[in-house]
Q: 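Here it is, the structure, as structure tokens.
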Number of protein chains: 2
Amino acid sequence: MVNLKELSKALELSQTTVSRALNGYPEVSAKTRDRVVEMARQLGYEPNLQARRLATGRSMAIGHVIPRSVHDMMNPIFLEFIAGAGQTYATHGYDMIISVVEDNNEEDAFREIASRKKADGVILQGPRINDRRHDLLDQLGLPFVVHGRITGAEERTSWIDVNNRRAFERATNLLIDLGHKRIALINGLETMDFAVRRRTGYETALQAHGLEPDQKLMSSADMTEPYGAETAIRLLKSQEPPTAFLVSSMISAIGVARGISLCGLRIGKDVSVITHDDALSFLPNSGEVPIFTCTRSSVRYAGIRAAEMIIQKVNEEGDEHAYEHLEAELILGQSTGPAP
Amino acid sequence: MVNLKELSKALELSQTTVSRALNGYPEVSAKTRDRVVEMARQLGYEPNLQARRLATGRSMAIGHVIPRSVHDMMNPIFLEFIAGAGQTYATHGYDMIISVVEDNNEEDAFREIASRKKADGVILQGPRINDRRHDLLDQLGLPFVVHGRITGAEERTSWIDVNNRRAFERATNLLIDLGHKRIALINGLETMDFAVRRRTGYETALQAHGLEPDQKLMSSADMTEPYGAETAIRLLKSQEPPTAFLVSSMISAIGVARGISLCGLRIGKDVSVITHDDALSFLPNSGEVPIFTCTRSSVRYAGIRAAEMIIQKVNEEGDEHAYEHLEAELILGQSTGPAP
DNA sequence: TTGAAAGCGTTACCAG
DNA sequence: CTGGTAACGCTTTCAA
């Protein structure tokens, strides 16, 4: 394990020059640089990260703080996002450090990242309604990118988000076009920013077609499989059952499908279903004709882009914020058909 | 942001003494220690991690390297494991660094962790048949704990694993006791160590009851939902359909259930299903009578224990290996009944 | 284009 | 019990 000192001794050059040659500084002659690079390769020199970090004051890492409650319910989505982000970090020489913390410790986690310089920047996960975390991060001087959006702080933060409102509006429109009038919304927890946007899109479409949103057809909870099944059954057995369901996640949609078939109904015939699909690898909804008609947006891609954004942000002094608004695709599958 | 120098100046003590007081060395007088601690609190002193890492040569981080292919199919399980591990790391002052790498880059990832001291130890994820990664890690001198087991290297590695063979043997026994004779195995990819163990348990139970394992009833693939559904349908429509399914993951089991109902059969009546349940938070299978009869083992708990093991390993010079063998619970749900 | 030397903020050895 | 001082391995300023 050679270090810079030994390497420079072997080359009969100063540490300074060797360091400069290796880090691509312009003022070293091409000849010396080649010699240095070659020798470094031969001796298997790898700069010590801790030393570099100490010297530069940069940790070359990005932090992801995941509150337990959020993690619990969005687990698969997170990992997919993280996988995308991790890929990008790797190619840029950044490490990814992940902290899964109890909900009430999230602030401390951020403070520690900032004060002990564990990371040069962070990704803000799972923005909530009235989220104040961006204030804390600004105050800590910790650069960040929001995965999702904080309503009301769009101009004061960098973020990447799916156009959830529009996706759900389009999905609702499709159902209405198919003749559905009673459309249920099986939404995620509406303490989450994205869930509210989705409901807005749904309500907007209904109202644009003269349909009055019916509270009895809307529900909001953690997006588990049983939640989908139970809600579907409850609604299908009610006085005025819906003929279609708009669901916030594949997991719950699978539950909804189960509920529908438990009620002796056929999905795509008696009852239509559209779900949002995050394109998770273990829940493929592809093929010629996907099982579920869906609004699809790759959360892995979002991770890739979020990572690129935070890296850029960390490296630039510029104070401007960057946004990226992704449009979901509306993909026709087997789970929708004309209203009976 | 005070540093040690300023803190010691404020106290009119040497850096040495202050450092010792803060790090709990015994040779500091109680009085001085109190004074130091108090002043540190007042000034909000927090030791710089990078400096400490450089000085001690320890990175105070544990690495998790996740090959893409493995990630893709086991995504939810990984994050649950990681959540457990992360919790433990946090309480012990360790960081968790995650690398999601292309399959053919896994070796490089380990080498880099070792040579650049990115982490003091790693968790080896998703052991495969004829896995050689432990050799590499030994050679790199990087302490590690296997999540799962490497058949043939049990004595030469530290590991934590569920007793998969036994779990599947018991599950098969239960089905046999219920009168089932044609039991299908919907297994994970049998390039994975755990999948082979599961099949062994299944075959052992069959043979112990004089039933000949039938290759036509066994399948092995990535554990997606459609895989479960398609395989179930194919088998149920075959010449000699099974009356029961033993499934390797909740996700595929949900697919199996869908397949069964698409065939017009009732789960728990016409066809029985037992699945392995990793106790993922977004796929709850609990309640009074769980939907699926299952062999259950918390993968989050495995993460917690694995983290404890690697931390201990990193901190001790001892060369002995540690093992932990978890027994899965066999839990009766609604998806099993007597053979028709 | 190159080099000497001063940091970066700790920990750890050796004296006293 | 306390302090001086030398690492730790790199980057960066200042001079040449």
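Letters go in sequence order (proteins before strands), and every chain restarts at 1. Only this structure's heavy atoms are used, side chains among them; waters, hydrogens and symmetry mates stay out.
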Q: What I want to check is whether an N or O donor and acceptor connect the side chain of A:R20 with the base of C:dG3 at under 3.5 Å.
A: yes

Q: Nearest heavy atom decides the nucleotide; on that basis, is A:S29 or B:N3 closer to the 5' end of DNA chain C?
A: A:S29

Q: Test ring pair (Phe, Tyr, Trp, His ring centres under 6.0 Å) on B:H325 and B:W159; report intermediate values, then the result.
A: CA-CA 8 Å; B:H325 213 175; B:W159 49 264; 5.5 Å; yes

Q: How many whole angstroms separate atom CZ of A:R52 from atom C1' of C:dT10?
A: 20 Å

Q: Between P on D:dT12 and CG on A:L22, what's the gap in Å once rounded to a whole number?
A: 14 Å

Q: Would you say B:Y25 places a side-chain N or O within less than 4.0 Å of OP1 or OP2 belonging to C:dA12?
A: yes

Q: Would you say CD of A:E12 has more than 12 non-hydrogen atoms from neighbouring residues, nucleotides or ligands within 6.0 angstrom?
A: no

Q: Counting only side-chain nitrogens and oxygens, does B:N48 get under 4.0 Å of the OP1 or OP2 atom of C:dC8?
A: no

Q: Measure CD/A:Q50 against P/D:dC8 and give the value in whole Å, please.
A: 15 Å

Q: Between the main-chain N or O of A:E6 and the side-chain N or O of A:N3, is there a donor-acceptor pair closer than 3.5 Å?
A: yes

Q: Just wondering, more than 12 heavy atoms not from B:N104 lying within 6.0 Å of its CG?
A: yes

Q: Looking only at side-chain atoms of A:E27, point me to the closest of D:dT2, C:dT2, C:dT10.
A: C:dT2

Q: Counting only side-chain heavy atoms from C-beta out, which of D:dT2, C:dT10, D:dC10 sits nearest to A:Y45?
A: D:dC10

Q: Between B:S14 and B:L54, which has a closest nucleotide on DNA chain D that is more 5'?
A: B:S14

Q: Could you tell me the separation between the CD atom of A:Q15 and the C1' atom of D:dG9, rounded to a whole number of Å?
A: 8 Å

Q: Look at B:T56 and C:dT10 and indicate whether a side-chain polar atom (N or O) is within less than 4.0 Å of OP1 or OP2.
A: no

Q: Send over the distance from A:K5 NZ to C:dA4 C1', rounded to a whole Å.
A: 14 Å

Q: Please report, rounded to the nearest Å, how far the C1' atom of C:dG3 is from the CG atom of A:L7.
A: 16 Å

Q: Answer with base, sugar-phosphate or nothing: what part of the nucleic acid does A:L13 contact at a heavy-atom distance below 4.0 Å?
A: sugar-phosphate

Q: Check whether any side-chain N or O of B:T17 sits under 4.0 Å from OP1 or OP2 of D:dG3, and answer yes or no.
A: yes

Q: Indicate whether OP1 or OP2 belonging to C:dA5 is found under 4.0 Å from a side-chain N or O atom of A:T16.
A: no

Q: Within this structure, what is the CE-to-C1' distance between B:M60 and C:dT10, rounded to whole angstrom?
A: 14 Å

Q: Counting just side-chain N and O atoms, does A:S19 come under 4.0 Å of either OP1 or OP2 of D:dT11?
A: yes

Q: Starting at atom CZ of B:R116, determine the distance to atom P of D:dG9, rounded to an integer number of angstrom.
A: 14 Å

Q: Hey, is NZ on B:K118 packed in by over 12 heavy atoms from elsewhere, all under 6.0 Å?
A: yes

Q: Ring pair (Phe, Tyr, Trp, His ring centres under 6.0 Å) between A:H64 and A:Y89: does it pass, once the steps are laid out?
A: CA-CA 12 Å; A:H64 290 237; A:Y89 295 144; 5.8 Å; yes

Q: Students often get this wrong, so: under 4.0 angstrom with heavy atoms, is B:E6 touching a base, only sugar-phosphate, or nothing?
A: nothing

Q: More 5' along DNA chain D: A:N23 or B:P26, using each one's nearest nucleotide?
A: B:P26

